[in-house]
J.: 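One structure, as structure tokens, below. Some questions next.
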Amino acid sequence: MTPPAVKVTPVSGFPELLPTERFVELHFLDTVREVFELHGFTPVETRAVEPVERLRGQGGDADKETYGIHRLAARADERGGSDGELGLHFDLTVPFARYVLENAARLSFPFRRYQIQKVWRGERPQEGRFREFTQADIDVVDIGELAPHVEAEMPLVIAEAFRRLPVGEFRIQVNDRRIPEGFYLGIGLTDVAGTLRIVDKLAKIGPDKVAAQLVEAGATDEQAAQALALAAIRTDDVSFVEQVRALGISHPTLDAGLESLAAVIDTGARRAPGTLVADLSVARGLDYYTGTVYETQLVGSEDWGSVCSGGRYDSLASDGRTTYPGVGISIGLTRLVHLLVTKRGLTASRSTPAAVLVAVVDEESRERSGAVAAALRARGVPCEVAPSAAKFGKQIRYADRRGIPYVWFPGAGDGGGDQVKDIRSGEQLDADATTWECPADDLRPAVVTRAG
RNA sequence: GUGGGUGUAGCUCAGCUGGUAGAGCAUCGCGUUGUGGUCGCGAGGGUCGCGGGUUCAAGCCCCGUCACUCACCCCA
């Protein structure tokens, strides 16, 4: 009797990768981590849950997108309890702010940390949008005052990581929220958040619809036109300042924002020419950003949306007495890898770490094959022993299916020595497991682009 | 949460006006008695998402439901 068939279905928004895809993701994780550490960011991990009270009120739809957590056995009236209600974190910035407050006495400031973890958002999944995904964050937090130059440093670190990854050309768009805020106040639009939210859709729905929505929200035609004129400004140098001045609006908040953004763009233009752009339409949804904000798009794939975003927050971490202002930026690794794999054919050269399959001649000699494998591993060559003493043709096919480049044949040489075969070329040579050199390119799975 | 689309083999999909469930790819076996890939032959694999209804008869029509998916909202 066979057991009844069980229907297995994916859970929408909770992606799982095939082995080759996971190798691509691991390569991205390794690279990002290496670059973060090269810049002196220290690793931190926070728990997956926070009291829902702390997750609330961060702007956007944080409330309805937060997953609550409770024991299945708990009755409804027990949920919460002494620990309060818990929710899964929806980003890494809010938990980090809490972590800083909790450990302020044991940390040294300015505190530079990186954090690579899963986050959860209870929204409707779409292409490149998931309910469970991995973010790779860097943040710098200081006590009381945060040096403005770190706002320029964040995107430069990201630029270095991206340059080492097969993502092609990219642009990091930078804005300072005080620019639109001061500008809107200067033209008499007092609903800054609401206006930002509408203007943020510019790239998606176009200027006409944005203007219509602004008017619907209470702006005059003139105000809508001015807001759009500001959002249209986009330069890769500091000339955006003159363009804003030419619009003839003045407000102290606007001035502060222009000065700050000019410093970031100026630094970027010198240290990473062509990657940073001042884009005055970038707004960001989360309410806690107070100054500089970042978004990142891959050139040619702008419709994917941002794959790396962040900004400055001045009051997210505060115990009421001391405030810890910070700035951070976060790579949406799951989105980035998923899109590169599905849209640009990124994959791995094989589906297993093994570079060598050690063949088994017969079950009586399995131990000899095991000894070969041990000798290879001792010298850092990932390998596995064939699962059965099948015909050599089948053992070779086992390796071929997985992309394992070499098959090792114990005792195949004339004098009873071993031989190793490169199954791509068919070349088979005498070899000794204690001296054989695996070509460096074959030692680990490589990230490659699928042909076609 | 709101609105549309789609559910048939592991994957991609056919399936006519309702009449006994199909193809390609993949998998496994044999040809090829210990060196793969090509080629040839063969085999296995299905509660047609689930539940109900109409009908002599439903993969097909109707209702419901679930899942997936696209758009909105929002965002990495």
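None of the values given here were measured: they were computed from a predicted structure. Here is the naming used below: chain letters follow the sequence lines, and residue numbers restart at 1 for every chain.
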J.: If the cut-off is 4.0 Å, is Arg397(A) near the phosphate of G29(B), judged by side-chain N/O to OP1 or OP2?
T.: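 So the side-chain polar atoms of Arg397(A) do come within 4.0 Å of the phosphate oxygens OP1 or OP2 of G29(B), strictly under.
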J.: Which residue pairs satisfy the side chain to side chain donor-acceptor pair (under 3.5 Å) criterion with at least one member in residues 383-392 of chain A, sequence neighbours excluded?
T.: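 Side chain to side chain donor-acceptor pair (under 3.5 Å) check on residues 383-392 of chain A returns Glu384(A)-Tyr398(A).
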J.: Looking for any heavy atom pair under 4.0 Å, which part of the strands does Val119(A) touch: base, sugar-phosphate only, or nothing?
T.: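 Nothing: the residue Val119(A), judged by heavy atoms under 4.0 Å, touches no strand.
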J.: Between Phe133(A) and His338(A), is the ring centre distance below 6.0 Å?
T.: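 They do not qualify: ring centres at least 6.0 Å apart.
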J.: Any side-chain N or O of Arg197(A) below 4.0 angstrom from OP1/OP2 of C73(B)?
T.: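 Negative; the distance criterion is not met.
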J.: Is there a Watson-Crick or G-U wobble partner for C25(B) with both distances under 3.5 Å, and if so, which one is it?
T.: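 Because both required distances fall under 3.5 Å, C25(B) counts as paired with G10(B).
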J.: Do any side-chain nitrogens or oxygens of Arg129(A) fall under 4.0 Å of OP1 or OP2 in A71(B)?
T.: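 So the side chain of Arg129(A) is outside the cut-off, no N or O lying under 4.0 Å from OP1 or OP2 of A71(B).
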J.: Which part of the nucleic acid, if any, lies within contact of Val360(A), taking any heavy atom under 4.0 Å across all strands shown: a base, the sugar-phosphate backbone alone, or nothing?
T.: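 Contact class for Val360(A): base.
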J.: So does Ser306(A) get a side-chain nitrogen or oxygen closer than 4.0 Å to the phosphate oxygens (OP1/OP2) of C75(B)?
T.: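 No, outside the criterion.
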J.: Would you tell me if any nitrogen or oxygen in the side chain of Lys394(A) comes within less than 4.0 Å of OP1 or OP2 on G36(B)?
T.: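 Looking at the OP1 and OP2 atoms of G36(B), neither is under 4.0 Å from any side-chain N or O of Lys394(A).
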J.: Against Ser301(A), only a single residue in Arg344(A), Glu169(A), Lys343(A) fulfils side-chain hydrogen bond (donor to acceptor under 3.5 Å, both in side chains); can you say which?
T.: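 With Ser301(A) as partner, Arg344(A), Glu169(A), Lys343(A) yield a single side-chain hydrogen bond (donor to acceptor under 3.5 Å, both in side chains), made by Arg344(A).
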J.: What nucleic acid atoms does Lys201(A) come within less than 4.0 Å of, heavy atoms only: base, sugar-phosphate, or nothing?
T.: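 Sugar-phosphate: the residue Lys201(A), judged by heavy atoms under 4.0 Å, touches backbone atoms but no base.
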J.: What's the gap between U38(B) and C48(B) when it is taken at their P atoms, as a whole Å value?
T.: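 Their P atoms lie roughly 34 Å apart.
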J.: When we call it a touch if two heavy atoms are under 4.0 Å apart, what does Gln428(A) touch: a base, just sugar-phosphate, or nothing?
T.: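 Touches a base.
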